[in-house]
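A short write-up of the structure that comes next.
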Amino acid sequence: MDHTINKPRGFLNRIERIGNAMPNITILFLYALIICWLLSFLLSFIEFDYINPRTSQRIEVINMFGYQQIIQFLTMMVHNFINFPPLGITLVATLGIGIAEGSGFIKTALKKMLKLISPKMLTPTVAFVGIFAHVVSDSAYVIIMPVSALIFYLNGRHPLAGIATAFAGLAGGFSASYTPSKIDPIMQSFTQNAAQIIDSNYTVNVLCNYFLSFGSTFLVIGVCWFITEKIVEPWLNKTCPIDTHRTIDIAENMQTISPAEAKGFTWAGFSIIGLIVLLIVLLYPDSSPFRAPNGSLTSSEAPIMKAIVPLLFIFFAVPGLVYGILSGTFKSSKDVTRSMEKVLTALISFLVFSFFAAQFLYSFDKSNLGALLSLSGAELLKTLHMPSGLTILGVILLTAVINLIITSATSKWAIMAPVLIPMLMSVGISPELTQAAFRISDSAVNVCTPMFAFYPLILSYCNKYCEKAGIGTLCSMMIPYTIGLLIALSAMLYFYWWFDIPLGFDSRYSYIPGMIK
């Protein structure tokens with residue numbers, strides 16, 4: 001057997017070796033916590049001339065090894081964990097997704113969408129479904145990849161091209177989306193906390209990047225369509241022949257929808273329509289309690305903006321329940337709770353990560369290292385006199401490099417936001433713009449790095465059709481999408497910026513201290 005196709009080529013091989021040699025992301029945060037405390041001790045003996053704009057006082061690094069600081073750290077440890085910004089958001093949204101996934105509603109919805117595809121529009125439709133499916137978060141990787149491969153295979157196309165298209169659309173969906181998802185409030189929580197290092201009154205709207213996100217969907221579909229049909233699929237046909245003797249045991253299951261499933265799906269669809277109508281009725285009156293005091297629905301003070309995560313829970317849980325009851329997958333209340341319990345088991349590693357990340361963020365802020373690093377970095381940027389456009393390009397490229405090793409958006413933004421946001425605010429760049437630049441690079445690069453957590457799973461789907469396909473095959477297959485998405489999404493950001501098109505609700509491009517949004 002020729003194993004050359006299994007070997008990552010060139011720098012991909014080096015990236016894989018470096019990534020495999022690195023500790024788990026949770027351990028990295030533990031190391032970061034230790035380094036933070038050591039730095040706080042060493043720098044506490046130095047006087048700095050920087051003035052903290054939040055307190056109007058000179059920056060003074062607090063020694064975390066001080067007696068009072070150790071006592072306070074121990075008493076705040078549980079509080080830090082419970083109040084870790086993305087923790088509650090992730091748990092609540094995931095519970096609703098668990099009901100919809102456990103009932104089979106999400107799987108049936110994807111099967112129905114993909115069965116209606118015209119052969120000529122197969123590629124853009126799969127990319128569209130990938131973008132749309134990102135709202136179910138990590139569950140989408142388990143569902144959409146085998147479905148897309150099968151649809152391509154049944155239409156006489158290379159199944160790995162279907163996987164590549166869905167993967168690229170799904171990854172692109174984290175910065176290009178039709179609907180809000182749980183990633184929006186997670187990003188917002190980190191961004192707002194980081195912005196308040198400089199301006200304690202600064203608030204970030206949970207949908208501050210939504211207009212850019214929605215507009216980018218069309219570009220993502222076009223890029224995926226072109227790359228799949230002109231670059232990736234021809235390359236796959238030459239280098240990765242399909243193993244026709246292998247049994248595609250999922251074919252019948254993925255093509256058929258039972259009468260009970262069809263009935264459940266129909267009524268689940270009606271329940272979604274009912275929820276939308278109810279929401280419109282509740283939001284329409286000027287006196288709606290979901291509006292801000294000034295009557296706005298999009299202000300960060302509007303209750304509807306603060307209820308995005310509970311609404312995501314409801315819009316997944318209700319149709320999931322209806323589908324599960326009518327299709328017979330939920331036979332008792334125990335089945336419902338089991339579906340939520342099952343989906344939460346996938347978050348165990350996230351919970352462990354959250355504990356250590358929360359302690360690091362507390363120490364980073366409490367010691368004033370975050371403010372010091374941000375202000376010193378801002379002074380360097382001012383000295384360099386770099387245009388804002390070039391600075392944002394630097395954020396995009398920096399995120400791309402880091403993403404080759406640390407693929408979790410939450411992990412990266414937990415580290416980068418407290419540094420980048422205040423630093424760029426100090427040179428007049430808004431938190432909303434910095435967050436948009438980060439999300440563009442984060443979504444584009446995930447698909448090409450072997451450090452991505454779902455690479456082994458996606459590779460297993462590839463092996464159903466091509467036994468010789470290895471990590472190098474998958475990396476090589478996805479690199480064109482990374483390049484295409486990075487260029488296209490960056491161009492879209494600069495297009496919005498050039499014509500001063502709002503990035504989202506209650507957002508802006510420049511930051512001026514004291515300016516009221």
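All of these numbers come straight from a predicted model, not from anything done at the bench. The figures here come from the full heavy-atom set of this structure, side chains too, leaving out hydrogens, waters and symmetry mates.
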Would you indicate whether the side-chain heavy atoms of Leu160 and Cys240 approach each other to under 4.5 Å?
yes
Between Thr191 and Trp413, is a side chain to side chain donor-acceptor pair (under 3.5 Å) present by the stated rule, with each step listed?
CA-CA 8 Å; Thr191 302; Trp413 200 224; 3.0 Å; yes
Are more than 12 heavy atoms from other residues, nucleotides or ligands located less than 6.0 Å from atom CZ of Phe290?
no
Can you name the closest pair of heavy atoms from Gly320 and Phe105 and give their distance?
CA-CB, 4.4 Å
Taking C-beta and beyond as the side chain, do Leu282 and Ile304 meet within less than 4.5 Å on heavy atoms?
no
Tell me the closest heavy-atom pair linking Leu474 and Cys462, and the distance in Å.
CD1-SG, 4.4 Å
Just by distance, no angles: are the side chains of Ser175 and Ser443 close enough, under 3.5 Å, to form a donor-acceptor pair?
yes
Which residues share a side-chain contact (heavy atoms from CB on, under 4.5 Å) with Pro234, sequence neighbours left out:
none
Would the Phe495 and Trp498 ring centres measure less than 6.0 Å apart?
no
Minimum heavy-atom distance between Ile227 and Pro480, given as atom pair plus value
CD1-O, 3.2 Å
Step by step, work out the salt bridge (charged side-chain N to carboxylate O under 4.0 Å, His left out) result for Arg338 and Asp335.
CA-CA 5 Å; Arg338 283 195 195 102; Asp335 294 329; 3.1 Å; yes
Please indicate whether Phe226 has more than 12 foreign heavy atoms, meaning atoms of other residues, nucleotides or ligands, lying under 6.0 Å from its CZ.
no
Taken to the nearest 0.5 Å, the spacing of Leu344 CG from Leu351 CG works out to 8.0 Å
Would you tell me whether Gln435 and Asn209 have side-chain atoms, one donor and one acceptor, within less than 3.5 Å of each other?
yes
Within a 6.0 Å radius of atom CZ on Phe218, are there more than 12 heavy atoms belonging to other residues, nucleotides or ligands?
yes
Any side-chain heavy-atom pair of Met492 and Ile440 under 4.5 Å:
no
Rounded to the nearest 0.5 Å, what separation is found between the SG atom of Cys466 and the NE2 atom of His158?
6.0 Å
Check: Trp497 and Leu433 side chains under 4.5 Å, non-hydrogen atoms
yes
Minimum heavy-atom separation for Val447 to Ala168, with atom names?
CG1-CA, 4.2 Å
Please lay out, stage by stage, how Asp184 and Arg439 fare under the test salt bridge (charged side-chain N to carboxylate O under 4.0 Å, His left out).
CA-CA 10 Å; Asp184 296 306; Arg439 292 185 65 173; 2.9 Å; yes
Residues at least two apart in sequence or cross-chain that pass salt bridge (Lys or Arg N to Asp or Glu O under 4.0 Å) with Arg157, listed by chain then number, are Glu229, Glu233
Looking at every heavy atom in both Tyr210 and Phe505, which two are closest together, and how far apart are they?
CD2-CE1, 4.1 Å
4.5 Å side-chain heavy-atom contact, Ile429 and Thr434:
yes
Donor on one side chain, acceptor on other, Ser476 and Trp235, under 3.5 Å
no
For this output row, return yes or no: ring centroids of Phe128 and Tyr178 closer than 6.0 angstrom.
yes
Is it true that atom OH of Tyr494 has more than 12 heavy atoms of other residues, nucleotides or ligands lying nearer than 6.0 Å?
yes
How close do Ala149 and Tyr465 get, counting heavy atoms only, and between which atoms?
CB-CE1, 3.7 Å
Partners passing side chain to side chain donor-acceptor pair (under 3.5 Å) against Thr228 (at least two apart in sequence or in another chain):
Thr165, Tyr481
